[in-house]
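Numbered from 1 within each chain, the chains take letters A, B, ... in sequence-line order. Computed from a predicted structure; not experimentally measured.
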There are 2 protein chains.
Amino acid sequence: MFSIGELSKRTKVKVPTIRYYEELGLLAEAERTSGNQRRYDNTGLERLSFIRHARDLGFSIEAISSLIELQEHPDRSCETATDIAASQLEEVRAKIKRLRTLEKELSRISKGCDGEGVSEDCYVLASLADHNLCSREH
Amino acid sequence: MFSIGELSKRTKVKVPTIRYYEELGLLAEAERTSGNQRRYDNTGLERLSFIRHARDLGFSIEAISSLIELQEHPDRSCETATDIAASQLEEVRAKIKRLRTLEKELSRISKGCDGEGVSEDCYVLASLADHNLCSREH
DNA sequence: CTTGAACCTCTAGTCACTAGAGACATTACA
DNA sequence: TGTAATGTCTCTAGTGACTAGAGGTTCAAG
């Protein structure tokens, strides 16, 4: 049995965040000492590691809730879990795509004011003001 | 001179967001009709387009404030603007990198439960629970 | 037994909006 | 000119996923 601080150290999840997860119901309510402090065992540690890992992968709290519910009803098929993971993957791919477009435009823009022969107006500002200067839609 | 709704239509920025920008000082306070409704001209339209475009590119409100301040003091060099754009670019590149790693892991995970011969435990859940199953750090 | 770190609860703040209530203004049409 | 529909006003509160701080209590080491 270990304290919330210890759990925090082991999972790299901050103490207030752990309490917050408990409040949300992601984490079961911890046992308490006679002095009202939370005590955890390996079950708590594993659960929090799961949450942490999923958050790192960009899953929303809501999605994680669903996954946890599935864990607790192993009789149900894991189709839902696969679906959740797949839709997360889709989102990630969409974000990458969008960011690539931004990258292109930003690198074009931020090259603009480099030393030589730019007109007296700032190219960065002009580019932002005038969408028509973009090479493509975004 | 046109209304806030018209401005919203033209810039695709929602009405409450426009008011919010005004409150933050990103947008100058609009002129008002005798009945206290906001009226805008081209200056307002251009400014809002600028903000919208920068937000689309992922600039924070704070960064946009700095850019606007620069616009209003054209005597200053555009170095700062270039810097802001460059750091935005850096952030975008970092995000892309991170998302690529996630993409790899997610696609590995979400292939897991495909039809054939997975053990009775769900691979998605197992992967999330056990970081050691990750092919690499993330 | 004392000290200091860790813990407790509670409220409020972050960012960039978004939603809703309740009241007033403008516009289109009869 | 009357009226109804739509638009606009301000204000407060909510979103997601935390984070920070106040003010008080408990624990572990020496």
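- If you take CZ of B:Phe2 and P of C:dT27, they are 15 Å apart, rounded to a whole angstrom.
- Minimum interatomic distance between B:Arg52 and B:Thr11 (heavy atoms only, all atoms of both residues): NH1-O, 3.3 Å.
- Residue A:Arg38 is classed as a sugar-phosphate contact, given heavy-atom separations below 4.0 Å to backbone atoms only.
- In this structure, B:Ile68 is a member of the same hydrophobic cluster as B:Leu24, with clusters built from ILVMFWY side-chain heavy atoms closer than 4.5 Å.
- In summary, B:Glu22 and B:Arg38 engage in a salt bridge, as defined by a charged side-chain N under 4.0 Å from a carboxylate O.
- Along DNA chain D, the stretch of nucleotides lying under 4.0 Å from any heavy atom of chain B spans, 5' to 3', D:dG7 to D:dT10.
- What separates CD1 of B:Ile51 from C1' of C:dC17 is a distance of 14 Å, to the nearest Å.
- Note: CD (B:Glu22) to C1' (C:dA16) measures 17 Å, nearest angstrom.
- Straight-line distance from the CZ atom of A:Arg39 to the P atom of C:dA6: 13 Å, rounded to whole Å.
- Summarising the geometry, the separation between CD1 on B:Ile18 and C1' on C:dC17 is reported as 13 Å, rounded to the nearest angstrom.
- For the side-chain contact (heavy atoms from CB on, under 4.5 Å) test with A:Ser8, the passing option among A:Thr17, A:Leu48, A:Ile18 is A:Ile18; the others fail.
- In this structure, A:Glu23 places its CD atom 13 Å from P of C:dC8, rounding to the nearest Å.
- For the pair A:Asp41 (side chain) and A:Gly44 (backbone), a donor-acceptor distance under 3.5 Å is present.
- Residue contacts for B:Leu24: at a heavy-atom cut-off of 4.0 Å it reaches no nucleic acid atom on any strand shown.
- Under the 3.5 Å distance criterion, the side-chain polar atoms of A:Ser49 are matched with a main-chain donor or acceptor of A:Leu45.
- Nearest-nucleotide positions on DNA chain C for B:Arg55 and B:Asn36 put B:Arg55 closer to the 5' end.
- Using a 4.0 Å cut-off between charged side-chain N and carboxylate O, B:Glu6 and B:Arg10 make a salt bridge.
- B:Glu103 has its side chain within reach of A:Arg93: a pair of non-hydrogen atoms, C-beta onward, lies under 4.5 Å apart.
- Atom CD of B:Glu31 has 12 or fewer heavy atoms from other residues, nucleotides or ligands within 6.0 Å.
- For the pair B:Thr33 and C:dT26, the criterion of a side-chain N or O lying under 4.0 Å from OP1 or OP2 is met.
- Computed from coordinates, the B:Glu62 CD to C:dC15 P distance equals 8 Å when rounded to whole Å.
- The rotation axes computed at either terminus of the helix from C:dC1-D:dG30 to C:dA30-D:dT1 lie 0° apart, taking five pairs at each end and rounding to 10 degrees.
- Where A:Tyr21 and A:Gly35 each meet DNA chain D at their nearest nucleotide, the meeting point lying more 5' is that of A:Tyr21.
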